[in-house]
Amino acid sequence: MEIPSKYDPTTTEDKWYAYWMEHKLFRSVPDERKPFTIVIPPPNVTGVLHMGHMLNNTIQDLLVRRARMRGYNALWVPGTDHASIATEAKVVQKLRKEGIKKSDLSRDAFLEHAWEWTHKHGGIILEQLKKLGASCDWERTRFTMDEKYYDSVIDCFLDLYKKGKIYRGERMINWDPAALTALSDEEVIYKEVASKLYHVKYAIAGSTSEFITIATTRPETILGDTAICVNPKDERYLHLHGKKAIVPLLGREVPIIADEYVEMEFGTGCLKVTPAHDPNDFLLGEKYKLEVVNMMNADGTISPAGQLYVGMDRFEVRTKIVEDLSAAGHLVKTEEHINKVGYSERTDVVIEPRLSLQWFVDMKELSKPALDHVMDDTIRFFPPKFKNAYRNWMENIKDWCISRQLWWGHRIPAWYGPDGTFEVAKTEAEALALFQAKNPAITASDIQQDPDVLDTWFSSWLWPISVFDGFYKEDEVSYYYPTADLVTAPEIMFFWVARMIIAGYEYRGTFPFRNVYYTGIVRDKQGRKMSKSLGNSPDPIDLMAQYGADGVRVGMLLSSPAGNDLLFDESLCEQGRNFANKIWNAFRLVKGWEEKVDNTVVQPESARVAIEWMNARFQAVLADLNDDYDKFRINEALMSTYKLVWDDFCAWYLEMVKPAYGSAMDATTYAATISIFENILKVLHPFMPFLTEEIWHFISERAAGTGSLCVATWPEANEANPALLGKFDQFTEVMIGLRNIRKENNIPQKEKLSMKVKAANADTTFDANIIHLGNLESIEYSSEKPSNSFTFIVNGNEYFVPFTANVDVEGERKKLTDELNYTKGFLKSVEAKLSNERFVNNAPAAVLETERKKQSDALSKIAMIEEKLSTLN
RNA sequence: GGGAGCUUAGCUCAGCUGGUUCAGAGCAUCUGCCUUACAAGCAGAGGGUCACUGGUUCGAACCCAGUAGCUCCCACCA
């Protein structure tokens, strides 16, 4: 059979993914095994795969595949999020392109479009995840608007309402004038912008000469002014307390009040108060019973209450009113000013603080267990530094505004009667019954359901429960919940992670996941966040086509410790691809031996030792690997595996057991090599599932399905034999010594050499390999020190390779002299330490001991080198 | 304004309890090799004031204080 010298992932990947699906190897149902569960952070239903997903899902797949191999009943639940505002925005945009305005459509007609869009684009991302190799149980794919899931969201609302945790209230909320909806605080992004601070003077009522000057960045809100406020301690304005000011352009008289809230140092120390359009002003308004003038419409235009500029956009008005103020002589000056302005996360328009009736969740009590159990490490954060931010947020948690003025989502189960009262109920019939209990005359046509939907996160916070229909049946949720690990981005720690923990304690009485692994942000080489608008993000599908899914997986994991941003560079994928190719070629070599196996050939000593060592080495790395996984040091686990394969297995082991060209191989060595290779494939599998599965089946016939590598048993941990590993290190040093002699003196590898050893610590374990790999005639042990030889020292043993024909004796002398000088310098530093009385008196015995050993070793080495120098002639 | 974190080789980062894993890894670079698994490879080599300043200690990349720079999170200074 001819195997190509380069690994070709394209056909392999599709073949094995189909195989895994066909044999339902990712399927999980409860059984007697211990469960290991991961729920996917559901991507937006109409989203496409980006690099962040790649990183995130590669890690999840890695964890779940390893757990599966370790005998857990491993389940990775996939699904998508309806992403109410994001999806609705996309649908609105698409309709606009077709010349349809949302406002022209009925709710039902709009939802029909939205579902159509969802069915068309929904699940693309899940198909893309399959390309990556994601081992999800696809039969369980959930959507946050599935019928049952929808029900659980509504039931959760009803439950919290009954518990008095949900209330409706008029609050200052963040209003998105483009999407025409309220946003939670977390959906507002503050950006520093260069703006202007306008100083505007207001006349004092009853005086023609007196003025008071305020400073504002939003002059258009002057239309909503109902007071002027100064600090009571501010001596500049004492004389104005209790007087009234006249709002420019409008001529409205407003009170001048005094409150500590005003900073005397900022601006003029004098603040205009617009209770309807600023959260702080709103509080002042409540405190001083001020009039509330709501001068802005939902879309950011001026309302009739503003009196002037009615119907104009808020930003046009800003320009216009400044001109008018200036013309009327009210503008004192304009300063450049940097301030922070809130933008909508989704639509990127400036948020308008707006007074409105919204639904809220009272978070104070609900969140308590969620705070405590992260702080006491019941739920562990990786890296733990995020506990700080979490605590900070949880300790200052505010009520959660959960209503959104959108159509796409879970509709709020509240109905309003003709008198404005409301009832919360699961269905309209139930609501009607509640109304009729109070007033039998009310009919269905008298009541109307709240038009708003719930915040997306009000559904996704139930994800770890509701994917198992945990609100309705126990069989699955009691088995799979709490889940094992959650892999997500720190950006959604408050949006999602914290709230899932809260819901978990509220509805299951325990944590939703044991570990939270926070990935970093995938950035480009210059450290910029990858984004569509910058165009700096490669298409993951293209990448996988180019480097193979395994190559990209390795590339993603090579340099991404938890919580650290990943500076992505395609060369990482290249390295991943090269690694895949290396493994492939190791396989080709081993496969090539199969037909050379000869039962009559006796196993060479060199191979016997090599096998023993390789097994020990494997065990040592396996121990590290398991430890790295436990600590979520994913990139270190990968690097250990990388070195195990490349350095230990390929560079050393395979060379040690490789039979001479054309020679046969003994059966024992071949079998052992296959066994080692299989173990290596197992630990590689979570990183590179496709390639390893391919080789696994090339190695031998496997039972259909059950013989798949992804359900093979993770290698058992055993003693590593550290003594042998130590001897091996010594062996490699001898080999390096020999290679250097050849290299420096241009002695071809083909030329056989002989070697003599004056051994202080004779150990012949690896001699057969030294002869084999070093291409030596022999190794002779003697107490003699042969002259005219190349020499090197390893662990107190002196190695001599007699000069061959054309030798540079001077060069050899210089080399020895350099080494001598270095060793003398080293000795000097050690002796300086040892002659320091305070060191000798204070350092622990063990440290002292090693220093003394260093000293004696250096002394004997110096003696050896000097002696060798004297034998050169 | 408050908080957290970071600064170690050209790049990305390890360095866990202060001392034999103590100055490391991978990549990149340079040199020599198409050696019958692999040039997507092999054999070697160079490269660091551990941000800076001081302190503690017999001993500091590591602990403490300060300084500088960078990053992130939180917060309504108009």
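Convention: sequence-line order gives letters A, B, ...; per-chain numbering from 1. Note that the coordinates shown come from a computational prediction; the quantities given were computed from them, not determined experimentally.
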Peer 1: Any chance NZ of A/Lys196 has more than 12 other-residue heavy atoms, nucleotides or ligands included, within less than 6.0 Å?
Peer 2: no
Peer 1: Look at the side chain of A/Tyr261 and the base of B/C76, then say whether one donor and one acceptor between them are separated by less than 3.5 Å.
Peer 2: yes
Peer 1: Which one, B/A78, B/C38, B/G15, comes nearest to the side chain of A/Lys582?
Peer 2: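 Shortest atom-to-atom distance from the side chain points to B/C38.
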Peer 1: Determine the interatomic distance between P on B/G18 and the same-named atom on B/A9; round to the nearest Å.
Peer 2: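 Roughly 23 Å separates the two P atoms.
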Peer 1: Atom CG of A/Leu572 to atom P of B/A40: distance rounded to whole Å?
Peer 2: 18 Å
Peer 1: Apply the syn/anti split at 90° from 0 to B/U20 and say which one it is.
Peer 2: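 For B/U20, whose glycosidic angle is within 90° of 0, the conformation is syn.
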Peer 1: Quick check for you: among B/A37, B/C38, B/A78, whose closest atom lies nearest to any side-chain atom of A/Lys658?
Peer 2: B/A37
Peer 1: Are more than 12 heavy atoms from other residues, nucleotides or ligands located less than 6.0 Å from atom NZ of A/Lys233?
Peer 2: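 It does not: A/Lys233 NZ has 12 such atoms or fewer within range.
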Peer 1: Starting at the 5' end of RNA chain B and moving along, which residue's nearest nucleotide shows up first, A/Ser5 or A/Lys340?
Peer 2: A/Ser5
Peer 1: Between B/A28 and B/C72, how far apart are the two C1' atoms, rounded to whole Å?
Peer 2: 29 Å
Peer 1: Using atom names, set out every protein N or O paired with an N or O of nucleotides 44-48 of chain B below 3.5 Å, distance rounded to 0.1 Å.
Peer 2:
{"from": "B/G44", "atom 1": "OP1", "to": "A/Arg739", "atom 2": "NH1", "distance (Å)": "3.2"}

Peer 1: Assess the residue pair A/Tyr642 and A/Val554 against the criterion (side-chain contact (heavy atoms from CB on, under 4.5 Å)); give the C-alpha distance rounded to whole Å, side-chain angles, the decisive distance to 0.1 Å, and a yes or no.
Peer 2: CA-CA 10 Å; A/Tyr642 184 91; A/Val554 168; 5.5 Å; no
Peer 1: Please pick, from B/C73, B/C77, B/A14, the nucleotide with the shortest atom-to-atom distance to any side-chain atom of A/Glu263.
Peer 2: B/C77
Peer 1: Tell me yes or no: between the side chains of A/Ser571 and A/Glu574, is some donor less than 3.5 Å from an acceptor?
Peer 2: no
Peer 1: Any chance you could encode RNA chain B as dot-bracket? Rule is Watson-Crick or G-U wobble with both distances under 3.5 Å; [ ] for pairs crossing earlier ones, | for another strand.
Peer 2: (((((((..((((.....[....)))).(((((.......))))).....(((((..]....))))))))))))....
Peer 1: Quantified in whole Å, what is the C1' atom distance between nucleotide B/A23 and nucleotide B/C62?
Peer 2: 12 Å
Peer 1: Is the shortest side-chain N/O distance from A/Lys398 to OP1 or OP2 of B/C76 below 4.0 Å?
Peer 2: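 Yes.
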Peer 1: Please report the C-alpha distance between A/Arg391 and A/Val374 in whole Å, then the side-chain angles of each, then the deciding distance to 0.1 Å, and finally whether the side-chain contact (heavy atoms from CB on, under 4.5 Å) criterion is met.
Peer 2: CA-CA 8 Å; A/Arg391 184 181 64 207; A/Val374 167; over 6 Å; no
Peer 1: Show, in sequence, the C-alpha distance, side-chain angles and deciding distance for A/Phe579 and A/Gln575, and conclude whether the side-chain contact (heavy atoms from CB on, under 4.5 Å) test is met.
Peer 2: CA-CA 6 Å; A/Phe579 185 41; A/Gln575 196 183 340; 6.0 Å; no
Peer 1: With nearest nucleotides of RNA chain B determined for A/Gly662 and A/Met264 from heavy-atom distances, which residue corresponds to the more 5′ nucleotide?
Peer 2: A/Gly662
Peer 1: Once rounded to the nearest 0.5 Å, what's the spacing between atom NZ of A/Lys340 and atom OG of A/Ser195?
Peer 2: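 Answer for the NZ-OG pair, A/Lys340 versus A/Ser195, is 13.0 Å.
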Peer 1: Within the 3.5 Å criterion, strictly below it, is a donor on A/Arg588 or A/Asn585 matched to an acceptor on the partner's side chain?
Peer 2: yes
Peer 1: Counting only side-chain heavy atoms from C-beta out, which of B/A78, B/G5, B/A40 sits nearest to A/Lys385?
Peer 2: B/G5
Peer 1: Pair A/Lys591, A/Ile695 - check side-chain contact (heavy atoms from CB on, under 4.5 Å), show working.
Peer 2: CA-CA 10 Å; A/Lys591 188 72 186 168; A/Ile695 296 177; over 6 Å; no
Peer 1: Which whole number of Å gives the distance between the C1' atom of B/C50 and that of B/U31?
Peer 2: 29 Å
Peer 1: When you measure from the side-chain N and O atoms of A/Asn578 to the phosphate of B/G41, is any distance below 4.0 Å, counting only OP1 and OP2?
Peer 2: yes
Peer 1: Between B/U36 and B/A43, how far apart are the P atoms? Round to whole Å, please.
Peer 2: 15 Å
Peer 1: Using whole Å, report how far CZ of A/Arg218 lies from C1' of B/C76.
Peer 2: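 Rounded to whole Å, this separation is 11 Å.
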Peer 1: Identify which nucleotide among B/G15, B/A40, B/C58 has an atom closest to any side-chain atom of A/Arg633, counting heavy atoms from C-beta outward.
Peer 2: B/G15
Peer 1: Without decimals, in angstroms, what is the distance between A/Leu557 CG and B/U12 P?
Peer 2: 19 Å
Peer 1: Nucleotides 17-28 of chain B: which of its N/O atoms have a protein N/O under 3.5 Å away?
Peer 2:
{"from": "B/A25", "atom 1": "O2'", "to": "A/Lys643", "atom 2": "NZ", "distance (Å)": "3.1"}
{"from": "B/G26", "atom 1": "O2'", "to": "A/Gln575", "atom 2": "NE2", "distance (Å)": "2.7"}

Peer 1: Measuring only the P atom in each nucleotide, how far is B/G26 from B/A65? A whole number of Å is fine.
Peer 2: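 B/G26 and B/A65 have their P atoms separated by 36 Å.
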Peer 1: So which nucleotide from B/C38, B/A43, B/C74 ends up closest to the side chain of A/Arg588?
Peer 2: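 Out of B/C38, B/A43, B/C74, the nucleotide with an atom closest to A/Arg588's side chain is B/C38.
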Peer 1: Check the distance between B/G10's P and A/Asp569's CG and give it to me in whole angstrom.
Peer 2: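 Whole-Å distance recorded here is 18 Å.
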Peer 1: Could you tell me how far apart A/Arg742 (CZ) and B/U35 (C1') are, to the nearest whole angstrom?
Peer 2: 12 Å
Peer 1: Go through B/C76, B/U12, B/A40 for me and flag the one nearest to the A/Tyr190 side chain.
Peer 2: B/C76
Peer 1: Return the value, rounded to whole Å, for the distance between atom CZ of A/Phe649 and atom P of B/C38.
Peer 2: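 These atoms are roughly 16 Å apart.
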